[in-house]
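Working notes for the structure below.
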Amino acid sequence: MTTTTPNVYIEDLAQNGTAYLGQDVTLHGWLYNKRSSGKLHFLQLRDGTGTIQCVLFKGDVPPEMFEAGNRVTQESSVRVRGTVKEDKRSTLGFEIGVTDFEILHESVDYPITPKEHGVAFLMDHRHLWLRSSRQHAITRIRAEIIRAIRTFFDERGFTLVDAPIFTPNACEGTTNLFETDYFDDKAYLTQSGQLYMEAAAAAFGKAYCFGPTFRAEKSKTRRHLTEFWMVEPEVAFLDLAGDMDLAEDFVAFIVRAVLENRRAELTLLERDVSKLEAVQKPFPRITYDEATKILKQEGHAFEYGDDFGAEDETIISNHFDRPVLIHRYPSAIKAFYMKPDPENPELSLNVDMIAPEGYGEIIGGGQREDDLNVLLKKIKEHELPETAFGWYLDLRRYGSFPHSGFGLGVERTVAWICGIHHVRETIPFPRLMERLTP
RNA sequence: UCCUCAGUAGCUCAAUGGUAGAGCAUGCGGCUGUUAACCGCAGGGUUGUAAGUUCGAGUCUUACCUGGGGAGCCA
């Protein structure tokens, strides 16, 4: 087959099809599905940017080529040449009248058929599942969210400072850490880049890191992965109120980017877009105390002083049509580096953001303790090894400064924006307690 | 880790303790406009593993394995 005609992507045809009307084009891709009707083969071609129907008519091509159209199997790689035609019956508005067709590689017994499958089967075939339209939409929205995350901070003068993956110690307890050999010593996979971002904030004023983090929690829920991506900004001379402003701007920015650039994908996922359009500043801000009152008013059993469980978060978030910021939790249930509220030292200057519709906590952060002696006392109280925090304490020795930041979990954010049930579909190759393959 | 549900054809599921079946997928045939196309025919099974109860077990019992849903913990 000679390819003198221009190669084109289906996405180009979808967006600008009229410009191609009547032209001969060459497409490369995979067979998504096929229907036949005697002297016609309707080939659904997928090229990674979209799908388009290619119509192979017996009268238009040599007999062996028509026979190839009869023989071609799902997910075989193919090359198609043909004329771009307008067609109202097509979802794209256009289809290809095939003049030349070649099977590049025949796919035999492709496991994922156009019928329903169970979760376990699909997860076992995750590497192939990514080819299907739903996974395609989710992955593209994830990519859009990550692009928005980077753009947001880059445009505001933040410096990207990569945190290490190997760490010598935990920043919040050791039971959830993955341990690995490090020559004659032990190392742990990072749970958070935050401590390093505090050093970065002292160096750059505004910094953020973005990368995978690891938690060896034996969690088996729709909100947990053992490997997940987190973006963690940290800002010098920023207090809790400013931190909440930043988190609010950030999440509103991400949602707007997806609404503007990934409408088609949201539609394919049947996402109720009006719920996302409601995500406008200002977000409600309530204290932990006020949140507990909501639970009480709903007649929900809750012990003051406890952290909120999944059900508690859902009840609270259902009171609002956009993400809610809950601040000033009891210090006792928060990490050692959180600064206590000067007005009530029993409370911590922290903030969590709970996504709407029961998607749970997507942001955790707050203002950090900047007094060396208070921090030393906290480390002792939490029974953490002081020696491991030597460099971290240096940040309070050499020009200590008030500072705040937060971490946003990418997969939970993707799940919420896409409106999908489980975070396992929000990352190309999820790592779960019971799953390491593919 | 705990609670709970499930495991039968490649996939999704049926089958009063009594001959293991359907749809899809696959193969062959039919159809000039199909939209998860449709119609006809065919092949396809150590019922998760091991033991037990029974004249007889896919079905009942026990243990184990694997997976789903939920909890706690968290992002």
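Naming: A, B, ... by sequence-line order, numbering from 1 per chain.
On a pure distance criterion of 3.5 Å, no polar donor-acceptor pair joins the side chain of Glu116(A) and the base of rG23(B). Between the side chain of His117(A) and the base of rC11(B), no donor-acceptor pair of N or O atoms lies under 3.5 Å. At a cut-off of 3.5 angstrom, the base of rC73(B) holds at least one donor-acceptor pair with the side chain of Ser219(A). On a pure distance criterion of 3.5 Å, a polar donor-acceptor pair joins the side chain of Gln53(A) and the base of rU34(B). Put simply, the side chain of Arg35(A) and the base of rC31(B) share no donor and acceptor less than 3.5 Å apart.
Near RNA chain B, meaning a heavy atom under 4.0 Å away, there are no residues from residues 58-77 of chain A.
With respect to the salt-bridge test (charged N to carboxylate O, under 4.0 angstrom), the residues Arg412(A) and Glu361(A) do not qualify. Between Asp245(A) and Arg285(A), at least one side-chain nitrogen of the basic residue sits less than 4.0 Å from a carboxylate oxygen of the acidic one, meeting the salt-bridge criterion.
A 4.5 Å side-chain heavy-atom check between Met123(A) and Val119(A) finds at least one atom pair inside the cut-off.
No side-chain donor from either of His327(A) and Asn350(A) sits under 3.5 Å from a side-chain acceptor of the other. In summary, the side chains of Ser133(A) and His136(A) do not present any donor paired with an acceptor at a separation below 3.5 Å, with no hydrogens or angles considered. A donor atom on one side chain and an acceptor atom on the other are not found under 3.5 Å apart for Asp289(A) and Thr287(A). Gln74(A) and Thr113(A) are not linked by any side-chain donor-acceptor pair at a separation below 3.5 angstrom, with hydrogens and angles left out of the test. For Glu232(A) and Gln194(A), the side-chain atoms include no donor-acceptor pair closer than 3.5 Å. Arg126(A) and Gln135(A) are linked by a side-chain donor-acceptor pair at a separation below 3.5 angstrom, with hydrogens and angles left out of the test.
Using a 4.0 Å heavy-atom distance criterion, Phe121(A) is classed as a sugar-phosphate-only contact.
When the nearest nucleotides of RNA chain B are assigned to Asn33(A) and Thr113(A) by heavy-atom distance, the more 5′-ward of the two goes with Thr113(A).
Sparse packing is recorded around CD of Glu346(A), with 12 or fewer heavy atoms of other residues, nucleotides or ligands lying under 6.0 Å away.
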Interface polar pairs with nucleotides 67-69 of chain B, N/O, under 3.5 angstrom:
from    : atom 1 : to        : atom 2 : distance (Å)
rG67(B) : OP1    : Glu434(A) : O      : 3.3
rG69(B) : OP1    : Arg424(A) : NH1    : 3.2
rG69(B) : OP1    : Arg424(A) : NH2    : 2.6
rG69(B) : OP2    : Arg424(A) : NH1    : 3.4

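Both geometric conditions, a ring-centre gap below 5.5 Å and a plane tilt below 30°, are not fulfilled together for Phe42(A) over the base of rG33(B).
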Pairs under 3.5 Å (Watson-Crick or G-U), crossing ones as [ ], inter-strand ones as |: RNA chain B comes out as (((((((..((((....[..)))).(((((.......))))).....(((((..]....))))))))))))....
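In terms of phosphate contacts, Lys115(A) brings no side-chain nitrogen or oxygen within less than 4.0 Å of OP1 or OP2 of rC11(B).
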